[in-house]
Amino acid sequence: MTNAPSLDIEHQLQACRSKEETFKTLVVLSKTLPRLSDDEKIEDNKVKGCESAVWLIIEDINDVRHIRADSDAKLMRGVLVALLSLVADKSFADIQQMDLKRELAELNLSSYLTSSRTNGVLAILAQIQRP
């Protein structure tokens, strides 16, 4: 997970005034996401229903949900950084109580979430909230 605080990421995305600014911000954010190893990019970790290949590794340690993620698409890696910032350092119970769709909408990413990409993001959110 990125070291950038979630509020910083939220503010960066909300401050974007154009599609180009949002794209540039997502590309910069994508560079902060640690890459998974090839050994971790296995079918069991792959999110079904994503336009791009996306892998999630979810572990609950000391009542905190730790999520590592990667994608073969730079833009999606930026979206993953934004998604992971919403749930960073939270317990599984807290994450289940969150309205992640609403919180994601507040990040100003709608111009990048085509219908097929939206379906993939919804699949990621469902997996993050799944026991």
(request) Could you check if a side-chain atom of Arg35 sits within less than 4.5 angstrom of a side-chain atom of Arg77, using non-hydrogen atoms only? (result) yes

(request) Could you tell me whether Glu106 and Arg102 have a side-chain N and a carboxylate O separated by less than 4.0 Å? (result) yes

(message) Please report the interatomic distance NZ(Lys48) to CG(Asn119), rounded to the nearest 0.5 Å.
(response) 16.0 Å

(request) Have a look at Arg65 and tell me which of Ile58, Val87, Asp94 forms a side-chain contact (heavy atoms from CB on, under 4.5 Å) with it. (result) Ile58

(message) Less than 4.5 Å apart, side chain to side chain, heavy atoms only: is that true for Glu51 and Met76?
(response) no

(request) Report yes or no: does Glu21 contribute a side-chain atom to a donor-acceptor pair with the main-chain N or O of Arg17 at less than 3.5 Å? (result) yes

(message) Measuring only between side-chain heavy atoms, which start at C-beta, is Glu40 closer than 4.5 Å to Ile57?
(response) yes

(request) Kindly write out the residues that satisfy side chain to side chain contact (heavy atoms under 4.5 Å, CB included) with Ala53, not counting sequence neighbours, or none if the list is empty. (result) Lys46, Trp55, Asp72

(request) State whether the number of non-hydrogen atoms from other residues, nucleotides or ligands found under 6.0 Å of Lys74 atom NZ is greater than 12. (result) no

(request) Indicate yes or no: at least one non-hydrogen side-chain atom of Ile124 is less than 4.5 angstrom from one of Val79. (result) no

(request) Give me the one residue out of Leu26, Leu29, Leu80, Thr22 that meets side-chain contact (heavy atoms from CB on, under 4.5 Å) with Leu75. (result) Leu26

(message) Are Leu56 and Asn45 packed together at the side-chain level, in the sense that at least one heavy-atom pair is separated by less than 4.5 angstrom?
(response) no

(request) Would you check if Ile95 and Ile128 make a side-chain contact, meaning some heavy-atom pair closer than 4.5 Å? (result) yes

(message) Keeping Gln97 on the side-chain end and Phe92 on the backbone end, is there a donor-acceptor pair under 3.5 Å?
(response) no

(request) Using a 4.5 Å cut-off on heavy atoms from C-beta on, say whether the side chain of Lys90 contacts that of Gln96. (result) no

(message) Please report the interatomic distance OG1(Thr25) to CD(Gln14), rounded to the nearest 0.5 Å.
(response) 12.0 Å

(message) I want to check something: taking the side chain as every heavy atom from C-beta on, are Asp60 and Val64 in contact at a cut-off of under 4.5 Å?
(response) no

